[in-house]
Amino acid sequence: MEEIPTKRPRVELLNDVHSHPAKSNEKDETYSEEQYSSMSKYFQKSVRRLKSDFYEQPCITLAKNLLGQILVRKLPDGTELRGRIVETESYLGGEDQASHSRGGKQTERNMAMFMKPGTMYVYQIYGMYFCMNISSQGDGAAVLLRSLEPLEGLHHMQTFRRNLRKSNSKPLKNKDLCNGPSKLCQAMVLDKSFDRRDLVTDPMAWLEEEENKIADKDIVSCERVGIGNAGVWTSKPLRFYIRGNIYVSIRDKTAEA
DNA sequence: CATCTGATGTGCT
DNA sequence: GCACATCAGATGA
């Protein structure tokens, strides 16, 4: 068993959950009317967990097909948090010099990148943050989740995000809850304990199918973020996001034109 | 809007 | 030792 390298003890998280009990039949007051309308439509549909065959796609294909899918996180008290994936990045493994698996190198940290498609790869970065990836088809290949459109449990997300901030900070806007790889991990309470777990079978985290696939014309492809100098790999168009979506972390106006 | 800085600790050379 | 798939706050335009 891995230790959870976070300064936030799990007990504190549970207390936060209990101080804001889920009210499944009530409108979440943090939604705008427009958001709630969109969400109601979502809840009327019969949703289903994505199965293993969904993840068995090449890294770039999976990164694009993940756009629009719903990430679900169930908390210990039964509360379910939901967010729609709106931004991803491909890390191809082997030849990709920006990938943790560059050169086909396997380490204790990146083991999940070599596990079966649908395995979560969660690692700690800058000492205080986490990033979540999903293993794809291909040795050492995985997709980084960069941004979510928060759909359900925004009040909880606000709490988890603000826990790490100063007490006098203002409430975050909805668009700032999950618009970054480590922000979404904070909001969805995803940490190192999820590393190497399987989205196909895990009781606390999974993906639900969104029927309306994002069309190619609505997907912006551009450079990845924060990978420094990785030679020719620095500028390859391996970041994908939904065109015009306000929940994306960083927009690339040049790529959008 | 753009750009800078400090926080923070682990993995890997 | 040092780089690091980041974030929030501050500053200047």
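On a predicted model such as this, the values are computed, not experimentally measured, just so you know. Below, read A as the first sequence line, B as the second, and so on, with proteins coming before strands; counting in each chain starts at 1. Only heavy atoms go into these numbers, but all of them, side chains included; no hydrogens, no water, no symmetry mates.
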Visitor: Let me confirm one number: the NZ-NZ distance from Lys64(A) to Lys213(A), rounded to the nearest 0.5 Å.
Guide: 9.0 Å
Visitor: Between Cys178(A) and Tyr247(A), is there a side-chain heavy-atom distance shorter than 4.5 Å?
Guide: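 Contact flag for Tyr247(A)/Cys178(A) side chains = no.
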Visitor: Can you tell whether the side chains of Glu256(A) and Arg251(A) come within less than 4.0 Å, N to carboxylate O?
Guide: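 Yes, Glu256(A) and Arg251(A) are salt-bridged.
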Visitor: Judged by atom type as modelled, is there a donor-acceptor pair below 3.5 Å linking the side chain of Glu209(A) to the main-chain atoms of Glu211(A)?
Guide: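 Judged by distance alone, no pair lies under 3.5 Å.
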Visitor: Just wondering, do Leu144(A) and Tyr91(A) contact through their side chains at under 4.5 Å, heavy atoms?
Guide: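 They are in side-chain contact.
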Visitor: Using a cut-off of under 3.5 Å, enumerate the N/O to N/O pairs linking the protein to nucleotides 11-13 of chain C.
Guide:
none

Visitor: Is Glu108(A) paired with Arg196(A) through a side-chain N to carboxylate O contact shorter than 4.0 Å?
Guide: yes
Visitor: Can you name the atoms? Protein N/O to nucleotides 2-6 of chain B N/O, anything below 3.5 Å, with the distance.
Guide:
none

Visitor: Using a strict heavy-atom distance below 4.0 Å, which residues from residues 84-102 of chain A are in contact with DNA chain B?
Guide: none
Visitor: Counting C-beta onward and ignoring hydrogens, is there a side-chain heavy-atom pair between Phe240(A) and Ile214(A) closer than 4.5 Å?
Guide: no
Visitor: Can you tell me which residue pairs pass the salt bridge (Lys or Arg N to Asp or Glu O under 4.0 Å) test with a partner in residues 128-148 of chain A, sequence neighbours excluded?
Guide: Glu87(A)-Arg146(A), Glu89(A)-Arg146(A)
Visitor: Considering only heavy atoms, which members of residues 235-246 of chain A lie under 4.0 Å from some atom of DNA chain C?
Guide: none
Visitor: Using the test salt bridge (charged side-chain N to carboxylate O under 4.0 Å, His left out), find all partners of Arg102(A) that sit at least two apart in sequence or belong to another chain.
Guide: none
Visitor: Donor-acceptor pair, distance only, cut-off 3.5 Å: does the side chain of Ser135(A) make one with the backbone of Met115(A)?
Guide: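 Answer holds: yes.
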Visitor: List, with names and distances, any nitrogen or oxygen atoms from the protein found under 3.5 Å away from nitrogen or oxygen atoms belonging to nucleotides 11-13 of chain B.
Guide:
residue : atom : partner   : partner atom : Å
dC12(B) : OP1  : Thr107(A) : OG1          : 2.5
dT13(B) : OP1  : Lys105(A) : NZ           : 2.7

Visitor: Round to a whole Å and report the spacing from CE of Met128(A) to P of dG9(C).
Guide: 12 Å
Visitor: Quick one: label Leu144(A) by what it contacts on the DNA or RNA (base, sugar-phosphate, nothing), any heavy atom closer than 4.0 Å.
Guide: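 The residue Leu144(A) makes base contact.
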Visitor: Hey, is the main chain of Pro171(A) close enough, under 3.5 Å, to the side chain of Arg161(A) for a donor-acceptor pair?
Guide: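 Pair absent, no side-chain N/O of Arg161(A) close to backbone of Pro171(A).
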Visitor: Looking at Ala112(A), is its backbone amide N or carbonyl O close enough to the side chain of Thr119(A) to form a donor-acceptor pair, meaning the two atoms are under 3.5 Å apart?
Guide: no
Visitor: Over how many whole Å does the gap from Lys173(A) atom NZ to dC7(C) atom P extend?
Guide: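 To the nearest whole Å, that distance equals 17 Å.
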Visitor: Can you check whether Gln137(A)'s main-chain N or O pairs, donor with acceptor, with Glu56(A)'s side chain at less than 3.5 Å?
Guide: no
Visitor: Under the side-chain contact (heavy atoms from CB on, under 4.5 Å) rule, collect the residues that match up with Asp252(A), sequence neighbours excluded.
Guide: Cys222(A), Arg239(A), Tyr241(A), Thr254(A), Ala255(A)
Visitor: Taking only residues two or more places apart in sequence or in another chain, which ones pass side-chain contact (heavy atoms from CB on, under 4.5 Å) with Thr107(A)?
Guide: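 With neighbours one apart ignored, the set is Lys105(A), Arg109(A), Asn110(A).
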Visitor: Can you say whether a donor on the side chain of Tyr123(A) sits under 3.5 Å from an acceptor on the base of dA5(C), or the other way round?
Guide: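 Between dA5(C) and Tyr123(A), which were checked side chain against base, a qualifying N/O pair under 3.5 Å is present.
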Visitor: Who passes side-chain contact (heavy atoms from CB on, under 4.5 Å) against Val200(A), sequence neighbours left out?
Guide: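 side-chain contact (heavy atoms from CB on, under 4.5 Å) list for Val200(A), sorted by chain: Ser52(A), Tyr55(A), Asp198(A).
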Visitor: What pairs meet the side chain to side chain donor-acceptor pair (under 3.5 Å) rule with one or both residues in residues 214-224 of chain A, with sequence neighbours excluded?
Guide: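 Listed by first then second residue: Asp96(A)-Arg224(A).
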Visitor: Taking Asp195(A) first and then Lys192(A), would you say they form a salt bridge - that is, a charged N and a carboxylate O separated by under 4.0 Å?
Guide: yes
Visitor: Checking all strands, does Met132(A) fall into the base, sugar-phosphate, or nothing category for heavy-atom contacts under 4.0 angstrom?
Guide: nothing
Visitor: In dot-bracket notation, what is the pairing pattern of DNA chain B, taking Watson-Crick (N1-N3 plus N6-O4 or O6-N4) and G-U wobble (N1-O2 and O6-N3) contacts under 3.5 Å, with [ ] crossing and | for other strands?
Guide: |||||||.||||.
